[in-house]
2 protein chains.
Amino acid sequence: METKQISKAVIKRLPRYYRYLGELMEDNVERISSNELSKKMHTTASQIRQDLNNFGGFGQQGYGYNVHYLYTEIGKILGLDTVHPMIILGAGNLGQALANYVDFEKRGFKLVGIFDVNPVLEGIAVRGLEIQMLSELPFFLRENNVEIAILTLPKNKAKEMADILVENGIKAIWNFAHLDLETPDDVIVENVHLSESLMTLSYNLSKYRQEHVE
Amino acid sequence: METKQISKAVIKRLPRYYRYLGELMEDNVERISSNELSKKMHTTASQIRQDLNNFGGFGQQGYGYNVHYLYTEIGKILGLDTVHPMIILGAGNLGQALANYVDFEKRGFKLVGIFDVNPVLEGIAVRGLEIQMLSELPFFLRENNVEIAILTLPKNKAKEMADILVENGIKAIWNFAHLDLETPDDVIVENVHLSESLMTLSYNLSKYRQEHVE
DNA sequence: TAGATTGTTAATCGATTAACAATC
DNA sequence: TAGATTGTTAATCGATTAACAATC
């Protein structure tokens, strides 16, 4: 349907615009020009205008952008105007940390289930939800409407569970496991590879050290 | 000193090469060609050769790359051959999750301290380290050699603490707080904005839905 | 030696920045 | 109307892919 393909780079920047606009709203700023915003965000006004115009003309010549309007529109583009039921697979520290992120629910990401393999955890409540056994997952998926699955399981288990998720019609996986999931094209996977992020940091640190040896 | 500037895109790919090479080693694969590796990783052989040649000629014509050698060399480039003492600021679920990542220590990222504001947590042991009060941080930094600080504090507190870290000579911050830190140029900041990652997922989900309405 | 595959240069593609006419 | 600032086209820059000579 949509033919105009929007680049990944643009999409990755949208949530950051959204965050800055939210802060401007908190500061009761009513309007902002691409130039002012570019200074705040350490980017170029040109990029901001180009990015936004992928989705429509949200501004007004001679005026700039209405902060509240732009915030709402970017929210819609990001799909934050609808509820996304989600489940967490893996109730370890990371899974529990994500379960307790208050901001998520505020943005429409509603946690409806949390699962683990460890029988010791069964029935323990996290954010008002009792931890269920992973073996109950297929049944749960058939009985409930779930959009997003968060994978905070170890590598092997994650791979296995990804297959089960796909079989049961899950269309989006937020993957924290250290592997690249092999899923059909119509399943959206967003990876968070924490160790890779830390290695990037380490690279920059090492490079800096090398360049500044006395 | 070093003048050849290596692009951020290349650096972001290095940890992924490192991961795949590690898996190949586990499978006892001795050598691999850029072409074979490109198929495994869903990228192009050309990109792999270009990326690696930023750092030197690690391969051999007619043979390919020795897996173990390349793994070790990329490890060195990423600074994984030295120990990086690090501290965690924020002993909530996320901080504790990161503290318990076994893989980090294996790669030289050695946790030497964990701090929080909450007095209730004081003295509780996480991975063999007693949680300390954030007020003790400046003293700790003067007495101990710390390279990396992991920020898993809420926004406001994170901003305040970043200043203290910089004042006390910390050169690298792994930032999980939902804000862009304002730090001097010689301080390396690597951001993990989880909510932005989830919004990207949400965008793709919404777009997919729009394109497939019955 | 012949075959394979790298390292590297050249061509293409895409993303960012600059410029400016349109318009509020 | 004059000034400001967008939306958009054109120019530049950088990154990816293709091609091939070098060489193991």
Side-chain angles (χ1 to χ4, degrees), chain A residues 2-17 20-21 24 29-74 77 200 203-204 207, chain B residues 2-17 20-21 24 29-74 77 200 203-204 207:
Chain A
E2 274 280 302
T3 36
K4 183 172 59 176
Q5 190 53 39
I6 288 146
S7 89
K8 237 178 154 181
V10 173
I11 296 155
K12 287 263 171 215
R13 282 193 291 268
L14 286 181
R16 189 155 176 266
Y17 292 135
Y20 274 84
L21 289 164
L24 287 167
V29 178
E30 212 175 81
R31 56 170 284 264
I32 194 158
S33 70
S34 57
N35 191 39
E36 286 172 275
L37 186 57
S38 73
K39 275 173 197 151
K40 261 193 180 304
M41 296 184 65
H42 302 284
T43 178
T44 63
S46 213
Q47 182 165 79
I48 293 174
R49 296 206 297 277
Q50 284 277 26
D51 282 356
L52 297 179
N53 273 81
N54 279 301
F55 305 97
F58 300 124
Q60 200 166 80
Q61 281 97 331
Y63 173 85
Y65 299 88
N66 177 287
V67 173
H68 186 272
Y69 174 69
L70 188 54
Y71 177 83
T72 314
E73 289 304 308
I74 295 181
I77 294 164
T200 304
Y203 169 85
N204 286 312
K207 194 186 61 171
Chain B
E2 274 281 303
T3 35
K4 183 171 59 177
Q5 191 52 38
I6 287 148
S7 89
K8 237 179 155 179
V10 173
I11 295 155
K12 287 264 172 214
R13 283 194 291 268
L14 286 182
R16 190 155 175 267
Y17 292 136
Y20 274 84
L21 289 164
L24 286 168
V29 178
E30 212 175 81
R31 55 172 284 264
I32 195 159
S33 70
S34 56
N35 191 40
E36 286 173 275
L37 187 57
S38 73
K39 275 172 198 151
K40 259 192 181 306
M41 296 184 65
H42 302 284
T43 178
T44 64
S46 214
Q47 182 165 79
I48 293 174
R49 295 205 299 275
Q50 285 277 26
D51 283 356
L52 297 179
N53 273 83
N54 280 300
F55 303 97
F58 299 125
Q60 199 169 80
Q61 282 98 331
Y63 172 85
Y65 299 88
N66 177 286
V67 172
H68 185 272
Y69 174 71
L70 188 56
Y71 177 83
T72 314
E73 289 304 308
I74 294 180
I77 294 164
T200 304
Y203 168 85
N204 286 312
K207 195 186 61 171

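Small disclaimer: the values here were computed from a predicted structure and weren't measured. Here is how names work: the chains are called A, B, and so on, in the same order as the sequence lines, proteins then strands, and each is numbered from 1.
- A:D51 pairs by the side-chain hydrogen bond (donor to acceptor under 3.5 Å, both in side chains) definition with A:R13, A:Y17, not counting sequence neighbours.
- Of the inter-residue distances, the one linking A:I32 atom CD1 with A:Y20 atom OH reads 11.0 Å to the nearest 0.5 angstrom.
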Between the protein and nucleotides 3-9 of chain D, are there any N/O to N/O pairs under 3.5 Å, and if so, what are the atom names and distances?
| unit_1 | atom_1 | unit_2 | atom_2 | d |
| --- | --- | --- | --- | --- |
| D:dT5 | OP1 | A:R31 | NH2 | 3.4 |
| D:dT5 | O4' | A:G62 | N | 3.0 |
| D:dT5 | O2 | A:G62 | N | 3.4 |
| D:dT6 | OP1 | A:S34 | N | 2.7 |
| D:dT6 | OP2 | A:S34 | OG | 2.6 |
| D:dG7 | OP1 | A:F58 | N | 3.2 |
| D:dG7 | OP1 | A:G59 | N | 2.9 |
| D:dG7 | OP1 | A:G59 | O | 3.4 |
| D:dG7 | OP2 | A:N53 | OD1 | 3.1 |
| D:dG7 | OP2 | A:Y65 | OH | 2.8 |
| D:dG7 | N7 | A:R49 | NE | 3.0 |
| D:dG7 | O6 | A:R49 | NE | 3.3 |
| D:dG7 | O6 | A:R49 | NH2 | 2.7 |
| D:dT8 | OP2 | A:N53 | ND2 | 3.2 |
| D:dT9 | O4 | A:Q50 | NE2 | 2.8 |

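- OP1 or OP2 of C:dT16 has not a single side-chain nitrogen or oxygen of A:T44 nearer than 4.0 Å.
- The backbone N or O of A:V67 sits nowhere less than 3.5 Å from a side-chain atom of A:R31 that would complete a donor-acceptor pair.
- Atoms CD1 (B:I6) and P (D:dT16) sit 14 Å apart, rounded to a whole Å.
- Between A:I11 and A:I6 the shortest heavy-atom distance is CD1-O, 3.7 Å.
- One atom, NE2 of B:H42, and another, C1' of D:dT16, lie 19 Å apart when rounded to the nearest Å.
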N/O donor to acceptor pairs below 3.5 angstrom from side-chain atoms of residues 35-42 of chain B, sequence neighbours left out:
| unit_1 | atom_1 | unit_2 | atom_2 | d |
| --- | --- | --- | --- | --- |
| B:E36 | OE1 | B:S33 | N | 3.1 |
| B:E36 | OE1 | B:S33 | OG | 3.3 |
| B:S38 | OG | B:S34 | O | 3.4 |
| B:S38 | OG | B:N35 | O | 2.6 |

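- Distance check, rounded to the nearest 0.5 Å: NZ of A:K12 to OG1 of B:T200 gives 4.5 Å.
- Among residues two or more places apart in sequence or in another chain, the side chain to side chain contact (heavy atoms under 4.5 Å, CB included) test is passed with A:F58 by A:L52, A:F55, A:Y65, A:Y69, A:L70, A:E73, A:I77.
- The salt bridge (charged side-chain N to carboxylate O under 4.0 Å, His left out) test applied to A:R16 returns B:D180, not counting sequence neighbours.
- Summarising the geometry, the separation between CG on A:D51 and C1' on C:dT16 is reported as 10 Å, rounded to the nearest angstrom.
- In DNA chain D, runs of at least 3 stacked Watson-Crick or G-U pairs (N1-N3 plus N6-O4 or O6-N4, or N1-O2 plus O6-N3, all under 3.5 Å) give these stems: C:3-24 with D:3-24.
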